[in-house]
Amino acid sequence: GTASLAALLTAVGGRVTHEASLPDARCEVWEPAEDARAFTKRRLARWRARGGVLAGDVNYAHLPRAARYLADPSVKVVALRRDREKTIASYEAWTAPGGAEGSVADRDHWRPHAGDFFQVDEWDLTFPKYPDAPSKTDAIGSYYDEYYGAVDALSARYPGRVLLLDSPALFDDAVCGRAGPSFALRFKRTVLLFAMRFKRTASAFQRCKNEPKRCSYGRDAAAGMRI
């Protein structure tokens, strides 16, 4: 999922972290009590400091602040979507006793609880809550529906700045094997061109076109190929 996406983005030259806690040294909570403007400003400054065409962090819990990030015209969002039923089954397996490191009891990150039955841990802070859901399964389903409804709304509000990729097809070994060496090139072209469109200037684009070897996104990007 998100770890694999972060690895792919890094493999094609992105300066990307996975669910990083810095600069605030804590997990990305779903609804931060602090001022959202200050929070997103610190995060954006840290990502920008990495430089490059593509820099950022992969974390499902960025969604509540995605619109705040996108208010900055240099920002774009890459989202990952998996089949609904498989996503629910995966989360249920992950939150079962022994399903994740440190999980000694059943966990429910999507409904409020006092720890009398479900294990309490910091992951509870990173998901929204559905107190009216009759079961954990139903709560995860509501989370899935709300999450991608929000992604679709962002895509409509910020056309051309939200890229939605399908999982697990993106990481399917059989698909990659059939694609051959061109798979990595196509993925790199898709993501980096998406990332650079809003970032490049006419002069930078011209320099890259004239001297493609000095450009991190290569000859195809310099030629202005589209997704």
Side-chain angles (χ1 to χ4, degrees), residues 1-9 16-21 24 26-34 36 39-40 43 56-70 75-158 161-172:
T2 54
S4 299
L5 177 60
L8 264 181
L9 293 172
V16 176
T17 49
H18 176 240
E19 299 179 3
S21 60
D24 299 285
R26 62 162 173 74
C27 64
E28 181 89 0
V29 298
W30 190 261
E31 297 178 4
E34 64 191 313
F39 183 88
T40 55
R43 286 291 168 100
D57 180 68
V58 178
N59 190 332
Y60 59 89
H62 286 312
L63 183 63
R65 287 160 292 280
R68 180 74 68 184
Y69 290 129
L70 285 163
V75 171
K76 289 194 174 185
V77 170
V78 177
L80 191 65
R81 176 160 53 196
R82 189 181 185 186
D83 174 79
R84 186 180 190 276
E85 297 309 313
K86 290 181 179 179
T87 297
I88 293 173
S90 177
Y91 270 130
E92 288 186 319
W94 177 62
T95 56
E101 184 177 353
S103 180
V104 296
D106 196 11
R107 294 179 292 135
D108 186 345
H109 305 309
W110 300 270
R111 292 185 298 169
H113 63 86
D116 48 350
F117 178 77
F118 294 106
Q119 177 177 318
V120 176
D121 62 27
E122 67 176 14
W123 292 104
D124 292 334
L125 303 174
T126 70
F127 292 94
K129 300 297 180 282
Y130 303 92
D132 296 330
S135 68
K136 180 170 70 172
T137 300
D138 290 315
I140 298 172
S142 295
Y143 166 66
Y144 182 98
D145 295 338
E146 183 178 90
Y147 197 101
Y148 290 107
V151 171
D152 290 340
L154 285 171
S155 182
R157 181 178 175 184
Y158 300 96
R161 296 177 60 197
V162 178
L163 177 63
L164 184 58
L165 302 171
D166 289 322
S167 170
L170 181 63
F171 311 109
D172 193 316

Contact check, side chains of [X] and [Y], non-hydrogen atoms, under 4.5 Å:
X      : Y      : result
Asp106 : Lys136 : yes
Leu165 : Leu5   : yes
Tyr147 : Leu63  : yes
Arg81  : Asp152 : yes
Asn59  : Thr2   : no
Arg43  : Arg65  : no
Glu19  : Tyr60  : yes

For the residue pair [X] and [Y], what are the closest heavy atoms and their distance?
X      : Y     : result
Ser142 : Arg84 : N-NH2, 4.4 Å
Leu154 : Ala66 : CD1-CB, 3.6 Å
Ala6   : His18 : CB-CB, 3.8 Å

Q: Please confirm whether the backbone N or O of Ala105 pairs with a side-chain atom of Gln119, one donor and one acceptor, at under 3.5 Å?
A: yes
Q. Do the side chain of Arg111 and the main chain of Ala139 share a donor and acceptor less than 3.5 angstrom apart?
A. no
Q: Just say parallel, tilted or perpendicular for the rings of His109 and Trp94, cut-offs at 30° and 60°.
A: tilted
Q: Taking salt bridge (Lys or Arg N to Asp or Glu O under 4.0 Å) as the test, write out the residues that go with Asp124, two or more places apart.
A: none
Q: Just jot down the salt bridge (Lys or Arg N to Asp or Glu O under 4.0 Å) partners of Arg157, sequence neighbours excluded, or say none.
A: none
Q.
Test side chain to side chain contact (heavy atoms under 4.5 Å, CB included) on Ile140 and Glu92; report intermediate values, then the result.
A. CA-CA 9 Å; Ile140 298 172; Glu92 288 186 319; 4.0 Å; yes
Q.
Under a 4.0 Å threshold between the charged nitrogen and the carboxylate oxygen, would Arg107 count as salt-bridged to Asp121?
A. yes
Q: Could you walk me through whether Val162 and Leu70 pass side chain to side chain contact (heavy atoms under 4.5 Å, CB included), step by step?
A: CA-CA 9 Å; Val162 178; Leu70 285 163; 4.2 Å; yes
From [atom1] ([X]) to [atom2] ([Y]), nearest 0.5 Å:
X     : Y      : atom1 : atom2 : answer
Leu80 : Leu164 : CG    : CG    : 8.0 Å
Arg68 : Thr40  : CZ    : OG1   : 6.0 Å
Ser90 : Asp83  : OG    : CG    : 11.0 Å
Arg82 : Ile88  : CZ    : CD1   : 11.0 Å

**Q.** Residues which pass ring-ring contact (aromatic ring centres under 6.0 Å, His included) with Tyr158, listed by chain and number, not counting sequence neighbours
**A.** none
Q. Can you tell which of Trp30, Phe127, Tyr130, Tyr144 makes a ring pair (Phe, Tyr, Trp, His ring centres under 6.0 Å) with Trp110?
A. Phe127
